[in-house]
Structure formats: structure tokens, C-alpha cells
> 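Here's a structure for you.
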There are 2 protein chains.
Amino acid sequence: MPPPTPGKPAATCLARHRVRDAIQQLILSGEFQPGQRLVQQELAERFEVAQSVIRESLLELQFCGLVEAVDRLGMFVSGLDAKGLRHAYQIRELFEGLAARLCCESACRADLRELAELARKIFDLASRGDLEPMSQCDREFHFRLVQASGNPLLARLTEGYQMLGMFVRANRDPRQIRDEHLEMLKTIEANRPAAAEDLARRHVREAWHAIEEQIDQGTFVPHWVGQVVEYQAAGDGGAKPTKKKKPKERKKTT
Amino acid sequence: MPPPTPGKPAATCLARHRVRDAIQQLILSGEFQPGQRLVQQELAERFEVAQSVIRESLLELQFCGLVEAVDRLGMFVSGLDAKGLRHAYQIRELFEGLAARLCCESACRADLRELAELARKIFDLASRGDLEPMSQCDREFHFRLVQASGNPLLARLTEGYQMLGMFVRANRDPRQIRDEHLEMLKTIEANRPAAAEDLARRHVREAWHAIEEQIDQGTFVPHWVGQVVEYQAAGDGGAKPTKKKKPKERKKTT
DNA sequence: CAATCGTTTATTATCGATAATAAACTATGA
DNA sequence: TCATAGTTTATTATCGATAATAAACGATTG
């Protein structure tokens, strides 16, 4: 007769997931910088779990694209270079376009209303200069969009992989962003799939152009940006043992 | 002074990867059927590694989309239903289209020559009725295409996730497949990105239609098909604890 | 001073054992 | 017979320890 052990929180989430989310948070918040090495033992002590739990969490994050693993060498916070971002945006453009198109037949009124609400909120926050909440809202807008698309694989890929580029902030006119969002929604509501797809793709392209400009001007900060959204998804990934990573920053013999 | 231990194979690959590939093979070959439970202990004995190694391998495969995990319950070979396949093909269409488009500026002559070679080989094999090698060749064709696109993220997503749909066989006229492949290549060679993208997308749509027809007729076998290609990539993924899975097939008390 | 080789150390990869949990089973009572 | 509660068992999740490995260090020699 095993009593429910009243002292413990029943139905607790897997430690692996808890730690995964926490580390993700740390990466997105900037506390863990791109390129930084993630030492398993250190993290294990920090989160008070065994090293193997950290391993598994990092594996999940690897597949999210937030960390990269090199066999026998370690795991590192993924870097963010211009080329990688361009590639990510090429794909994001497809995803958002497909999402918008599919939404024409899948999104319900409630979804659209909520999306419009978010579009306005993004504008409000931007007007007030609250950049961080604005970014978060913007991400949520796009997450909701793919969720409303009715293609779970699309949602999983977008959320799971985070599409890398979703976590950098494009420096654009908030008014324009809002208008693009709203027009997209209007087109979806009008049930014009081709037009909606086109608008969504254009929207992503505009974002990319803004980021590209920042990169060219040297004003781009190669940082993950944002807080973890409430979503529930993860990993994938794969080991690319061929890729070499700077193994530096190893402790000296104290 | 640790001598190189001459008895052991130096620079051996991670056990995790070895096992991952082996299990993938077993799934694709059909020995492990969709829906089947993957018991860690069992696999650990079979591959002569610790259970934790199996865990990590399965995690990787989960992110590939080949297995699904349910927290505290186990891992199962992914199922293949009509809806899931449709969603996969929606995305595959985008990916192949983008790949073809990008190839116009990225693919070198050698790539194109090799692709043309493969296109012919696919036809030859199909003519002889060698369906399995044919499927493998076809997959290789599409893998090479995304690799030649010059967008590594695209390649990783396509290969890593295997795009699910890439591992079912569409029942089509081999001649038509060949012609579509070759026309696509010709368009790439002629540097007509928009046309190439369009052709690639159409090609995927055709494949999907063939599969859809098979499904409607009830002649579709819900099986993973194929052998592992030599690629090196992996998962992502994420746990979706909400999803319920048949926990059945548990051993009786012997 | 530069290059090479062995030693040390930090770190990952793997292992075997234990704790936690969910399903299967069994007994009990209406 | 059916439902329900307790027990057992199969299995996963976690832990702590060990083996394997790659970088850092240090001495030795040209």
C-alpha cells in the first residue's frame, strides 16, 4: 500500500522537461551567451539533478536549434550569424505563408479575434517602447497563427525549432508591423488563401530586410531575445560530428 | 602513461549514434511496426548497451519523427495516418520548392550531373520492378537536392525529420517521375528559379495525389519504407505529454 | 625559442543500481 | 456479474560512480 506521499507534488513534470525549459530561458534571456560552453556537471549542481538529466535536456535543446553538440567535446549555445539567420528566414517565410494559407480554411473566428487582439497589443507595446514584451507578443502572434493552421507538424517545426530567427528582434516601424498583421488577418477572414500566403511571406521578408540592414550597419546584437512562451514542444536535432567548435574556455589548473 | 590500448578500435563513434542508426534501420525496414512499443531494457540487451544509451538514442529518433514519447509511459514507433501524411506533404512541398529554387544559384555542375544520373537510375530500377532500391534512390535524389540548395537548415530539417512522407512509396508511373525530375533539373540549369520551384512543388503534389489515391482505395500500406541513407543528421522533437497512446501489449505475469 | 612527447586534469559517455510510476492483476463485496 | 480497492509487476526516470577522451600543462631536447 503506497500512500500518495503527501509531502511530494503528485503528477510532477519530468525533471528533464523542467531543466530543459529553465536552460532555454537562460539562453533566451542572454545569461547564457551564444558560443558559451554548457558544462553538464556545473548545470547538474545548479539544478540539483544528475548529470544524465542535463544531458537529456541539452539533447532536446539541441534539436530545438538552441544548442549545438560536438561529440565527446560538449554542448554549446548556438551562435547566430548572418548566414544562418538568412537561411532560417528563408524557411520561416515558407512556414508563415503556409500557415496563413491554411488558416483560411482552419482558423475559427475566435482564433482570428485573438490574433487581431494581439496585433493591436504589439502596436501598443511598441509605441510605449516596451520592446521586450512587444517581441514576446509578436512571437505569440506567429505561434498562434501556425497553431490555427491546423497542421500540427507545421506548428511543431515552427515552435520546436523556434525557427531561430523568431528570437531576434527586427527593428521596424511598429505601425507598419501592425498594419501588415491586420491586413493578413483580413485576407484570411475574406478567405483568400493565395493573397494571405503572399502577405505573410512578404511580412517575413520585410522583417528579414530590417534585420539584414541592422547587420550591415553593425547595429545587430547577436543575441537570443525573448522569454519562453507557454508552449509545449521540443527538440529534434542531430549531431553533426564533423563541425568543429572552439573548445577554448576551459578552466585552468587551480 | 596510457598506451593507446591497441586492442580497441580508436576513434569509435558514439554508442548513442550507432544504436540510433540501428533502431532507425529497424523501423524503416518494417521489423518495428508503427505503434509498437520500444522497451528500453529489451533494446539495451539486444544492443548490449546500458538502458540510458537507448533512452538517448530514442530521444534523437523522437525528434526525427520516427518515434513518439509519452512521459513515464514509453516510446512508440510513430504511426502513419492519412492526415499526418497530408500535413507532412504540405511541408515537403515547400521544402522541395525552396530547394529547387535555391539550387539555381547554389548547385554546381557536378551536383546537377549527379542528380541527373540518379533520375535515370530511378527509372531503370523502377522499370525492372526493383521497388525498394528505387525508393532509396528517389530519397537520395531529394536529399541531394536539398543539400545542393546551400541552406543547411533546410537540409537538416528535411533529412533530420525525414519529412515522414519521404518514407512512404507513391505508386506512380516511373516514366513520369523521371520526366519530372529531369525537367526540374533542366530548369535549374537554365537558371529559372521560379519555374524550378513550381516544378518541384508540382512534383511533390503529384506524389501526394498518388498516395492519397492509394489511401482512398485502401491499398496503402501504413509502413515505413526504405533503408537508411548515409546521411548524418538527427532529431529535434519534443514531448507532447497530452497525447495519449495505447499502452497495451504489456507482458503478462509469467 | 620552438617543437614534441608524456602527464595531468576537466569533461563527456557509459554503466549498473535504485526510486518512482502506471498498468495488470487479484481479491473482496455489492 | 460488476465495480472497486489493494497488490504485484513491468517499465521508465533518476541517480551516483566509473571509464574514456580531449584539451591543457609541463618538461625535455633540438
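Throughout, a chain's letter reflects where its sequence line sits, starting with A, and its residues are numbered from 1. These figures come from a predicted structure and were not determined experimentally.
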> Of all residues at least two apart in sequence or in a different chain, which pass the side chain to side chain donor-acceptor pair (under 3.5 Å) check with B/Gln214?
none
> Identify which nucleotide among C/dT14, D/dT21, D/dC15 has an atom closest to any side-chain atom of B/Ala15, counting heavy atoms from C-beta outward.
C/dT14
> Provide, to the nearest angstrom, the distance between the CG atom belonging to A/Leu58 and the C1' atom belonging to C/dT11.
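Between C1' of C/dT11 and CG of A/Leu58: 13 Å.
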> Could you check how far CD1 of A/Ile54 sits from C1' of D/dA13, rounded to whole Å?
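Answer to the nearest Å: 14 Å.
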> Quick one: which of C/dT14, D/dA23, C/dT21 gets closest to the side chain of A/Leu73?
D/dA23
> Of all the choices, D/dC15, D/dT12, C/dT11, which nucleotide is nearest to the side chain of A/Ala50 once you look at every atom?
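Closest nucleotide among those given: D/dC15.
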> Mind calculating the distance between CZ (B/Arg37) and C1' (D/dA10) to the nearest angstrom?
8 Å
> Measuring to OP1 and OP2 of C/dA13, would you say a side-chain N or O of A/Arg55 lies under 4.0 angstrom away?
yes
> Any donor-acceptor pair under 3.5 Å joining the side chain of A/Gln40 to the base of C/dA10?
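Result: no qualifying N/O pair found.
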> Taking for each residue the nucleotide of DNA chain D bearing the nearest heavy atom, is the 5' side occupied by B/Ser52 or by B/Val39?
B/Val39
> Under 3.5 Å, is there a donor-acceptor pair between the A/Gln40 and A/Gln51 side chains?
yes
> Out of D/dT11, D/dT14, C/dA13, which nucleotide sits closest to the side chain of A/Gln51?
C/dA13
> Checking B/Gln90 now: which residues fulfil side chain to side chain contact (heavy atoms under 4.5 Å, CB included) with it, not counting sequence neighbours?
A/Leu98, A/Leu102, A/Asn151, B/Arg86, B/His87
> When you get a sec, tell me which of D/dT14, C/dA13, C/dT12 is the closest nucleotide to the side chain of A/Leu14?
D/dT14
> Using a 4.0 Å heavy-atom cut-off across all strands, classify A/Leu38 as base, sugar-phosphate, or nothing.
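If one applies the 4.0 Å heavy-atom cut-off, A/Leu38 turns out to touch the sugar-phosphate alone, with no base involved.
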> Quick check on the 6.0 Å ring-centre criterion: do B/Phe95 and A/Phe95 meet it?
yes
